2 protein chains.
Amino acid sequence: MRRDIFQAIADPTRRAIIALIAVQAMTPNAIAEHFETTRQAVSKHLRVLTECDLVKQEPRGREIYYLLEIDKMKEIDKWLEQFRKIWETRYGQLDQLLITLKKKK
Amino acid sequence: MRRDIFQAIADPTRRAIIALIAVQAMTPNAIAEHFETTRQAVSKHLRVLTECDLVKQEPRGREIYYLLEIDKMKEIDKWLEQFRKIWETRYGQLDQLLITLKKKK
DNA sequence: ACTTTGCGAAACCATTTAGTTGCGCTTATA
DNA sequence: TATAAGCGCAACTAAATGGTTTCGCAAAGT
């Protein structure tokens, strides 16, 4: 089963989980309490996130904390790079004015 | 059917299509020629991309050119913003958080 | 007009996916 | 030691997805 980051962030629940643990490492149960879903469902999402190295496990006693591998998020940023060049340099003449105005704000 | 950008870029072929037409607007046939797939398959991907406004149609005679809505790509960038803050302020100190939590115990 | 070409849309199939349920392992706690 | 709590994993179901094939429509060329 091929997993990559883009596939991982496609799911809104997973994006929410990512945002959650970005602030603070949490256990599956703690995460589940933030949503209207079961622990097992969360557990599955965490598995997907773990498989593509977006998330790391940290066992503490019988609890398992999950924390975000923030570096992995940079890969998305890296992919965006090619388009950032476009939206920064190649502006259509028609939009030029609009964008310029927005920037000045 | 719920469509959003993240779901759209989850597919590698769609990401490739996006990268293609980012450089230059193209017809479905032209796009299909760049991959090892049929026009219909590309057409389906274009439909998904169109549905979430990542791509725009531009009919020219009997041909339909597809062009990237570069502004829409910025939404991904916007989502990344919250994490960018993290990886800029808290470099390799992922363990910092762990230590803090441990102390609280 | 007739034919060709570029497309979208619908029907269909094989895979994948999200979510639930049940089970068993491991670590706390009484 | 017995019991409860936190988890992962496997099995199962319903729904979604990618891709192909077929059909029909519209624009160009003959």
Side-chain angles (χ1 to χ4, degrees), chain A residues 1-21 24-69, chain B residues 1-21 24-69 98 101-105:
Chain A
M1 208 177 299
R2 194 171 199 83
R3 299 278 188 204
D4 64 29
I5 327 176
F6 295 99
Q7 210 269 322
I9 64 168
D11 186 85
T13 305
R14 278 199 289 266
R15 286 202 299 280
I17 291 176
I18 290 174
L20 247 187
I21 64 174
Q24 184 181 40
M26 297 178 79
T27 65
N29 265 331
I31 295 169
E33 280 168 13
H34 282 77
F35 306 102
E36 283 170 17
T37 180
T38 61
R39 176 187 63 78
Q40 281 83 352
V42 168
S43 187
K44 266 200 154 188
H45 284 304
L46 286 172
R47 187 158 170 256
V48 173
L49 293 172
T50 307
E51 275 174 13
C52 64
D53 298 317
L54 255 173
V55 148
K56 203 175 61 180
Q57 293 186 333
E58 177 94 11
R60 281 182 234 167
R62 70 176 165 184
E63 293 184 333
I64 299 177
Y65 280 77
Y66 284 84
L67 39 100
L68 184 64
E69 291 275 24
Chain B
M1 206 177 298
R2 236 176 56 211
R3 299 280 186 204
D4 64 27
I5 326 176
F6 295 99
Q7 209 270 323
I9 64 168
D11 186 87
T13 305
R14 277 198 290 267
R15 286 201 299 281
I17 291 177
I18 291 173
L20 246 186
I21 63 173
Q24 183 180 37
M26 298 177 78
T27 65
N29 266 330
I31 294 169
E33 281 168 12
H34 282 77
F35 306 103
E36 283 167 17
T37 180
T38 62
R39 176 188 64 78
Q40 281 84 351
V42 169
S43 188
K44 265 202 156 187
H45 285 303
L46 286 172
R47 188 161 169 252
V48 173
L49 294 172
T50 307
E51 274 173 16
C52 64
D53 298 317
L54 255 172
V55 147
K56 204 176 60 179
Q57 294 186 334
E58 178 148 323
R60 283 184 225 170
R62 71 178 163 184
E63 293 186 333
I64 298 177
Y65 280 78
Y66 284 83
L67 38 102
L68 184 64
E69 290 275 25
L98 266 174
L101 287 171
K102 273 180 184 168
K103 277 183 183 172
K104 281 181 183 169
K105 261 199 157 178

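Letters A, B, ... mirror the listed sequences (proteins, then strands); counts begin at 1. Reckoned from all heavy atoms, side chains included, excluding hydrogens, waters and symmetry mates. What you see is a predicted model; the values in this text were computed from it and never measured.
- Between the CD1 atom in A/Ile17 and the CG atom in A/Asp11 there is a gap of 8.0 Å [rounded to 0.5 Å].
- For the residue pair B/Gln57 and B/Tyr66, a side-chain donor N or O sits within less than 3.5 Å of a side-chain acceptor on the partner.
- Looking at residues two or more places apart in sequence or on another chain, you find no side chain to side chain donor-acceptor pair (under 3.5 Å) involving B/Glu58.
- What separates CZ of B/Arg15 from C1' of D/dG18 is a distance of 15 Å, to the nearest Å.
- Atom CZ of A/Phe35 and atom P of C/dG19 are 11 Å apart (whole Å).
- Atom CD in A/Glu36 sits roughly 13 Å away from atom P in C/dG19 (whole-Å rounding).
- Partners of B/Glu63 by salt bridge (charged side-chain N to carboxylate O under 4.0 Å, His left out), not counting sequence neighbours: none found.
- Looking at residues 54-64 of chain B, you'll see B/Gly61, B/Arg62 sit with a heavy atom under 4.0 Å from some atom of DNA chain D.
- Taking each heavy atom of B/Leu54 and B/Leu68 in turn, the nearest pair found is O-CD1, 3.2 Å.
- Within the structure, a side-chain polar atom (N or O) of A/Thr27 is placed less than 4.0 Å from OP1 or OP2 of D/dC7.
- Regarding B/Tyr66, its OH atom lies at a distance of 8 Å from the P atom of C/dC7, rounded to whole Å.
- Counting to the nearest Å, the C1' atom of C/dT5 and the OH atom of B/Tyr65 are 14 Å from each other.
- Sorted by first and then second residue, the pairs that involve residues 34-50 of chain A and meet side chain to side chain donor-acceptor pair (under 3.5 Å), not counting sequence neighbours, are A/Arg14-A/His45.
- The CD1 atom of B/Ile64 sits 14.0 Å away from the NZ atom of B/Lys56 when rounded to the nearest 0.5 Å.
- Note: CG (B/Asp4) to P (D/dT17) measures 10 Å, nearest angstrom.
- Rounded to the nearest 0.5 angstrom, B/Phe6 CZ and A/Gln7 CD are separated by 14.0 Å.
- Phosphate contact (OP1/OP2 of D/dC7, side-chain N/O of A/Asn29, threshold under 4.0 Å): present.
- Listed by chain and number, the residues in a salt bridge (charged side-chain N to carboxylate O under 4.0 Å, His left out) with B/Arg15 are A/Asp4 (sequence neighbours excluded).
- In this model, the phosphate group of D/dT17 is approached by a side-chain N or O of B/Gln7 to a distance below 4.0 Å at OP1 or OP2.
- Non-hydrogen atoms lying under 4.0 Å from DNA chain C are contributed by B/Arg39, B/Gln40, B/Ser43, B/Arg47, all within residues 37-50 of chain B.
- Residue B/Asp11 contributes atom CG, which lies 17 Å from atom P of C/dT15 at whole-angstrom precision.
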